[in-house]
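Just so it is clear, the values below take in all heavy atoms, side chains as well, and ignore hydrogens, waters and symmetry mates. Residue numbering restarts at 1 for every chain, and letters A, B, ... go by the order of the sequence lines.
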Amino acid sequence: MKTSAFHLVTQREVPADAEIVSHQLMLRAGMIRKLTSGVYTWTPLGLRVLRKVEQVVREEMDAAGCLEMLMPSVQPAELWQETGRWEDFGPLLLKMADRAGREFAFGPTHEEVITDFARGEVRSYKQLPICFYQIQTKFRDEIRPRFGVMRAREFLMKDGYSFHLDDDCLGRFYQLMYTTYSRIFERLQLHFKAVTADSGAIGGAVSHEFHVLADSGEDLIAHVPESSYAANVEQAEAVAQGERAAATEALRLVDTPNARSIADLVEQFQQPIEKTVKTLVVAASDEADTDFIALLVRGDHELNAIKAEKLPAVAAPLRMASEEEIRKAIGAGPGSLGPIKLPIPCVVDRQVALMSDFSAGANIDGKHYFGINWERDLPLPEVCDLRNVVSGDPAADGSGTLELIRGIEVGHIFQLGSKYSEAMNAVVMDESGRGIHPAMGCYGIGVSRIVAAAIEQNHDDKGIIWPEPMAPFDVVVLPMNAKKSHRVRELADQLYGQLKSAGLDVLLDDRPLRPGVMFADAELIGIPHHLIIGDRGLDTGVVEYRRRGGEGREIPVEEIIGWFEQVKAARA
RNA sequence: CGGAGCGUAGCGCAGCCUGGUAGCGCACCACAAUGGGGUUGUGGGGGUCGGGAGUUCGAAUCUCCCCGCUCCGACCA
């Protein structure tokens, strides 16, 4: 490709509303343009990168025996009503109607469509196991789109769905997808981590997320550096540390008129924060015989909403009670709540169950109890894992101490089981002629998000530094002062042709620009290999080679093609 | 969804308070010089000032309504 025939529009200035570096660089390099909130056009330059990522994903999925197909992005409401997700998916689902008033959704995922497809096509165990996948545009009406294509509403996703006669087969295939995903991210040269995860709205039991590690990541991951343990904080089990010490203080009711928060309590009464307890009031589920439930975590800990929602007595989604509701149910305001004489049921975190001589609200405005001890002052309520893990906690598998890091979720695999095949009555005959609901797995990769995640991990102050497998061009030829120098122009043309013939994606910057502009553009758009051709080098028969983000050297003209063939061979 | 802010040329912004010819930088076009790190000069094109209504002799500017976009928050009691 010659720059003069390409659409290269770079910007020097940082766009005002781009927060993170990948968003800024994608805009400055001219890879994407925003059409409306969370919806982006991919320019020819950006699309080249997207296609390269796609291709790696496609090759590895094919290698694992999966079959590519393409499903519609517009899906009829009836399909979603069959599984109940027309309602359950909530406002994330973009709904629309046709001229006759029939309702549709723009697909945010395709479990319903693939299951509908399978119930029509897959009838016999002899067809199993089978895995279909597609690379397709999805739409999720995110509450707050941000960070460019990182959290966009419209995005490109690879989604795959497997069907199995039994859970064992599903488990084996899931392992294959796990290694396939690992290989994909290795090939893309991304620094990533696989973590156990909550399966969220998609449903199912076993699930792993693949995260590209970056400080700008929206997810928190708990891992043990010296072991393989890694889990999303949403899901990581919090293990209580130590044993309950014997009581040493007497229970006493203290006036705390100005203490409305844990921080106040710590500051005004010199209570160590590890000796305080927070009482959070949440709505109860329909099956509970109460309207509200109190959840207790240690003062310096955070309630984990996902864990809380899993309690049968707690309403899902989690809803915190309003101050008004709290006053009505308990007779005191938030800030003065605690387990003693609490008129509503209460569940305590594992760590809280091990506390002694602790303080908490007295359920009387402006009063707290200090020196509280379980069993002595009140019976120990139901104990559960309710909190987020924190750095320094022991890992649930006993393999060491947890550290928290940030990640960008780029892949997610699930064992769904028969949730969808049952809901939609997809039936396959087994060997004995009995109809069974096949076990399913589902496997997603955020293709467009990978592009942004790669930039978060690979950039410098000059711009993007693409991992070679996803670079828009492998090599750029930069002729210095080609307008005036015949031999520069001729050698540039010649090398351009030869590199192309050698099978490389090569860009020839044939614009009549100052060298500085050409260098700056080549660096901004992150092309891995730069060849600089100028009269200065030609006097001694060399061209200058520079590795983006690395070292430069001079290479004799006649060795260039051979050298690049080596580069290419090393990559394959 | 709650709070805040912003919409003026492709991008970044000034002008608005105090109503009176719509500006600056970058980008773009032309010419010239320059020619190994975003060079310089001269000339030029480009605007329903987000939309509508109102006040006024006169509105980018004041008032009201609508739309769009961005940021913060949406669990800590």
B:rG7 to B:rA14 separation - P atoms, rounded to the nearest Å:
7 Å

Considering only heavy side-chain atoms of A:Arg28, the closest of B:rG38, B:rU34, B:rG12 is B:rG38

Output the single nucleotide from B:rU34, B:rA77, B:rG38 whose closest atom is nearest the side chain of A:Ile262.
B:rA77

Axial cation check for A:Trp86 ring with A:Lys95, 6.0 Å and 45° limits:
yes

Is it the case that the ring center of A:Phe269 lies less than 6.0 angstrom away from the ring center of A:His368?
no

B:rG41 versus B:rU63 - spacing of their C1' atoms, nearest Å
48 Å

From B:rC76, B:rC75, B:rA74, pick the nucleotide closest to the side chain of A:Leu280?
B:rC76

From the list B:rA77, B:rU70, B:rU34, which nucleotide is the closest neighbour of the side chain of A:Met320?
B:rA77

Please find the pair of heavy atoms, one from A:Ile561 and one from A:Gln498, that lie closest to each other, and give the distance.
CD1-CB, 3.3 Å

Whole-angstrom distance between B:rG45 and B:rG68, as gauged at atom P
36 Å

According to a strict under-4.0 Å criterion, is A:Arg12 in side-chain N/O contact with OP1 or OP2 of B:rC11?
no

Record whether the side chain of A:Glu13 comes under 3.5 Å of the base of B:rG25 through a donor-acceptor pair of N or O atoms.
yes

If you take atom types as modelled and just measure distance, does the side chain of A:Arg514 reach the base of B:rU34 with a donor-acceptor pair under 3.5 Å?
yes

For the side chain of A:Asp17, counting heavy atoms from C-beta on, which of B:rA77, B:rC69, B:rC76 is nearest?
B:rC69

Test for a donor-acceptor pair under 3.5 Å between the base of B:rG36 and the side chain of A:Asp535, counting only N and O atoms.
no

Distance between C1' atoms of B:rG51 and B:rG47 (Å, rounded):
16 Å

The answer to which of A:Thr10 and A:Leu513 contacts RNA chain B further toward the 5' end, by nearest nucleotide, is A:Leu513

Among the nucleotides B:rG38, B:rG68, B:rC71, whichever has the atom closest to the side chain of A:Glu19 is B:rC71

Classify A:Glu323 by what it touches in the nucleic acid, base, sugar-phosphate, or nothing, heavy-atom distance under 4.0 Å.
nothing

Report yes if some heavy atom in the side chain of A:Leu524 is under 4.5 Å from a heavy atom in the side chain of A:Leu25; otherwise report no.
yes

Centres of the A:Trp374 and A:Phe358 rings: under 6.0 Å?
yes

What distance, rounded to whole Å, do you find between the two P atoms, one in B:rC49 and one in B:rU21?
15 Å

